[in-house]
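Every chain is numbered from 1 and lettered A, B, ... according to where its sequence line falls, protein lines coming before strand lines. For clarity, every value in this text was computed on a predicted model and none was experimentally measured.
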There are 2 protein chains.
Amino acid sequence: MSDLLERLRGRGWRMTSQRRVVAEVLDGEHVHLTADEVHVRAAAKLPEISRATVYNTLGELVSLGEVIEVSTDGRAKRYDPNAHRPHQHLVCSGCGAIRDVRPQGNPLSDLPAEERYGFTVEAVEVTYRGVCPSCSA
Amino acid sequence: MSDLLERLRGRGWRMTSQRRVVAEVLDGEHVHLTADEVHVRAAAKLPEISRATVYNTLGELVSLGEVIEVSTDGRAKRYDPNAHRPHQHLVCSGCGAIRDVRPQGNPLSDLPAEERYGFTVEAVEVTYRGVCPSCSA
DNA sequence: TCTTGACTTGGACTCTGTCCATTGTAGGAT
DNA sequence: ATCCTACAATGGACAGAGTCCAAGTCAAGA
């Protein structure tokens, strides 16, 4: 995560305690927190941090390509720091848990030219839905 | 669409003018309206129809498997009546337009057993993102 | 240390969707 | 054709997620 901070500083990001705390909260794999969860965890380290700042910071991290925004359920968006390792998501219909997974093959190539209708296709998101072990038990 | 109404009646759906109007609004291919858009169009035919009824009806159509709920952007959900023809979505990052597309291959089979982590995988959603012709012009 | 433009704050506001008590009505029963 | 009643519609209050903005604060270069 410190390399993330370095990278951001290198891009002219002004380093504030708020931004540092948000970045720290987002560290790790299989992290898929909502903005509100990020706020709660950030506030545990830095009580004065505001919701607006958390939203701003998350938005910037997304624009910078350091974090991926995931909306699997039409409810709160989730923020996934695992942005530099292409992956898909496996979502539990029961509890909403999310796992990062790595399918085989490249789904982009599954969309033939005649199905592109003049679009410049840049990315593909794949969400597998199912029931996780604890929910099916 | 009248077969839809027939099917619903056959399942014990009480046919009201409100439900009929909502079903009519959702007729067609490449239809991906938000609940609010459905309400506006329905109200053009039946001015007294309430938002709550539109939400209720859409929810029922989704439960019945006649309409698919799509949330591509974390904003308003969209409702896709093309439920009986499996397909994926191609979304324009510029204007948000959605096209139904039919990729080759079966993405479900791209998730090998060792990447399922004990989940019972039931479905997969694929969203291609790109820029549509009018936005790239 | 000073300065300044970028950052943060918090509260009001918007948008999307849900809830619920009340009123209305579709469609089977008579 | 009319009556009943369970199911459906209404609309207004409410809730959750996110945005906006004017005022105050501060990181970091000079």
Side-chain angles (χ1 to χ4, degrees), chain A residues 5-25 32-43 45-64 66-80 96, chain B residues 5-26 32-64 66-80 96:
Chain A
L5 296 181
E6 279 316 309
R7 242 179 295 144
L8 295 172
R9 210 190 305 261
R11 298 207 221 174
W13 226 43
R14 181 177 290 187
M15 190 49 56
T16 67
S17 51
Q18 290 85 348
R19 287 174 166 184
R20 195 188 326 273
V21 165
V22 169
E24 282 170 12
V25 166
H32 305 92
L33 299 172
T34 64
D36 194 61
E37 289 164 347
V38 171
H39 182 224
V40 168
R41 297 187 190 203
K45 302 183 179 196
L46 188 68
E48 328 82 75
I49 193 171
S50 72
R51 277 185 349 116
T53 296
V54 170
Y55 275 105
N56 288 342
T57 306
L58 289 172
E60 288 154 12
L61 288 170
V62 170
S63 303
L64 291 169
E66 297 289 349
V67 165
I68 291 170
E69 215 172 54
V70 184
S71 42
T72 50
D73 59 351
R75 306 190 58 98
K77 290 176 194 164
R78 295 184 170 273
Y79 293 88
D80 180 348
Chain B
L5 295 180
E6 279 316 308
R7 241 178 294 144
L8 295 172
R9 210 189 304 260
R11 298 207 221 174
W13 225 45
R14 180 177 292 186
M15 190 50 56
T16 67
S17 51
Q18 291 85 349
R19 287 175 167 182
R20 195 188 325 272
V21 165
V22 169
E24 282 170 14
V25 165
L26 282 175
H32 305 92
L33 298 172
T34 64
D36 195 60
E37 288 164 349
V38 171
H39 182 224
V40 168
R41 297 187 189 204
K45 303 183 177 196
L46 188 68
E48 329 81 77
I49 193 170
S50 72
R51 275 186 348 117
T53 296
V54 170
Y55 276 105
N56 288 342
T57 306
L58 290 173
E60 287 154 12
L61 289 170
V62 170
S63 304
L64 292 169
E66 296 290 348
V67 165
I68 291 170
E69 214 172 53
V70 184
S71 42
T72 51
D73 60 350
R75 307 190 56 99
K77 290 176 193 164
R78 294 182 172 273
Y79 294 88
D80 180 348

Audit row: A/Thr53, A/Val22, side chain to side chain contact (heavy atoms under 4.5 Å, CB included) steps and yes/no: CA-CA 9 Å; A/Thr53 296; A/Val22 169; 5.8 Å; no
A/Tyr79 and A/Val25: CA distance, side-chain angles, deciding distance, side chain to side chain contact (heavy atoms under 4.5 Å, CB included) verdict: CA-CA 11 Å; A/Tyr79 293 88; A/Val25 166; over 6 Å; no
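Per the geometry, CZ belonging to B/Arg9 stands 16 Å off C1' belonging to D/dC7, to the nearest Å. Taking atom CZ on B/Arg14 and atom C1' on C/dA26, their separation rounds to 5 Å, with Å as the unit. Taking atom CG of residue B/Leu46 and atom P of nucleotide C/dT25, one finds them 11 Å apart after rounding to whole Å. Atom CH2 of A/Trp13 and atom C1' of D/dC26 are 16 Å apart (whole Å). Rounded to an integer number of Å, the gap from CZ of A/Arg11 to P of D/dA28 is 17 Å. Residue B/Leu58 contributes atom CG, which lies 15 Å from atom P of D/dA8 at whole-angstrom precision. Put simply, CG on B/Leu8 is 15 Å from C1' on D/dA8, counting in whole angstrom units.
Among D/dA28, D/dT10, C/dT9, the nucleotide with an atom closest to any side-chain atom of B/Ile49 is D/dT10. The side chain of B/Met15 lies closest to C/dG27, out of C/dT8, D/dT10, C/dG27.
The CD atom of B/Glu37 sits 11.5 Å away from the NE2 atom of B/His32 when rounded to the nearest 0.5 Å. Taken to the nearest 0.5 Å, the CG atom of A/Leu5 stands 5.0 Å off from the CE atom of A/Met15.
Residues A/Arg11 and A/Glu66 are paired through a salt bridge, judged by an N-O separation under 4.0 Å between the basic side chain and the carboxylate.
Remark: B/Thr16 is in phosphate contact with D/dA9, judged by side-chain N or O atoms under 4.0 Å from OP1 or OP2. Taking 4.0 angstrom as the limit, B/Gln18 places a side-chain polar atom (N or O) nearer than this to OP1 or OP2 of D/dT10. When the side-chain nitrogen and oxygen atoms of A/Arg19 are compared with OP1 and OP2 of C/dT8, one or more of them lie within a distance under 4.0 Å.
At a threshold of 4.0 angstrom between heavy atoms, the contacts of B/Thr53 include nucleobase atoms, whether or not backbone atoms are also involved.
Scanning for side chain to side chain contact (heavy atoms under 4.5 Å, CB included) contacts around B/Ile68 gives B/Val70, B/Asp80, B/Ala83, with sequence neighbours left out.
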Protein-to-nucleotide contact annotation, 5' to 3' order, nucleotides 15-20 of chain D [B base; S sugar-phosphate only; - none; under 4.0 Å, heavy atom]: --SBBB
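At least one side-chain heavy atom of B/Leu61 sits under 4.5 Å from a side-chain heavy atom of B/Leu8.
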